[in-house]
Amino acid sequence: MFSASILLQILACAIYSNWWPMLSALMYVLVPMPCLFFGGGSTQFLMSRDGGGWIDGAKFLTGASAVGSIAIPVILRHADLIGTGAMFIEFTSFFIFGCTFLCYHHASLDDEW
């Protein structure tokens with residue numbers, strides 16, 4: 001599913017002959033980084049109430065990256081750098097990426113794997 005999300009990113013750029021939408025692909029790289037650096041590669045800390053300086057920082061960076069994934073296409077559309085169709089393709093790509101993350105999170109919580 002992740003590859004379909006990246007394919008939609010490239011498709012949004014190729015159809016409209018504008019490579020600005022690839023800027024939001026940078027956020028797709030940044031979203032899992034706090035989990036890798038501060039959570040030990042697991043997403044279980046995102047749902048826990050336990051905190052601390054690094055855990056809270058990782059939660060904040062994950063949320064900021066996720067909001068940035070939605071905000072970048074909206075800002076680019078507002079500045080007339082991309083078309084409305086490219087913005088909606090970006091939103092579809094984010095939805096697929098979000099579903100991929102939720103599937104990964106559900107699979108990592110399951111003890112039987």
With a 4.5 Å cut-off on side-chain heavy-atom distances among I, L, V, M, F, W and Y, is there a chain of contacts connecting Met33 to Val67? no
Inter-residue atom distance Ser93.OG - Leu7.CG, 0.5 Å rounding: 9.0 Å
Find out whether Ser24 and Ser69 are in side-chain contact, i.e. whether some heavy atom of one side chain is under 4.5 Å from a heavy atom of the other. no
Side-chain (Thr92) to main-chain (Phe88) donor-acceptor, under 3.5 angstrom: yes
Report the distance from atom CD1 of Ile6 to atom OG of Ser3, rounding to the nearest 0.5 Å. 8.5 Å
Mind checking the CE-CZ spacing from Met27 to Phe97? Nearest 0.5 Å is all I need. 10.5 Å
Residues passing the side-chain contact (heavy atoms from CB on, under 4.5 Å) test with Val74, sequence neighbours excluded, are Met87, Phe91
Rounded to the nearest 0.5 angstrom, the OG1-CZ distance for Thr100 and Phe95 is 10.0 Å
Could you please spell out the steps behind the side-chain contact (heavy atoms from CB on, under 4.5 Å) verdict for Ile82 and Tyr16? CA-CA 8 Å; Ile82 65 172; Tyr16 294 98; over 6 Å; no
Considering non-hydrogen atoms only, spot the tightest contact between Ile89 and Ala12 and give its length. CG2-CB, 3.5 Å
Over all atoms of both residues, closest heavy-atom pair of Met22 and Cys13: CG-SG, 3.2 Å
Please report the shortest heavy-atom distance between Glu90 and Pro73, naming the atom on each side. CB-CG, 3.7 Å
Give every residue pair that meets the side chain to side chain donor-acceptor pair (under 3.5 Å) criterion with at least one member in residues 70-79, sequence neighbours excluded. Arg77-Asp80, Arg77-Thr84
Do Ile70 and Leu23 sit in one hydrophobic cluster, given that two such residues count as connected whenever their side-chain heavy atoms are within less than 4.5 Å of each other, even indirectly? yes
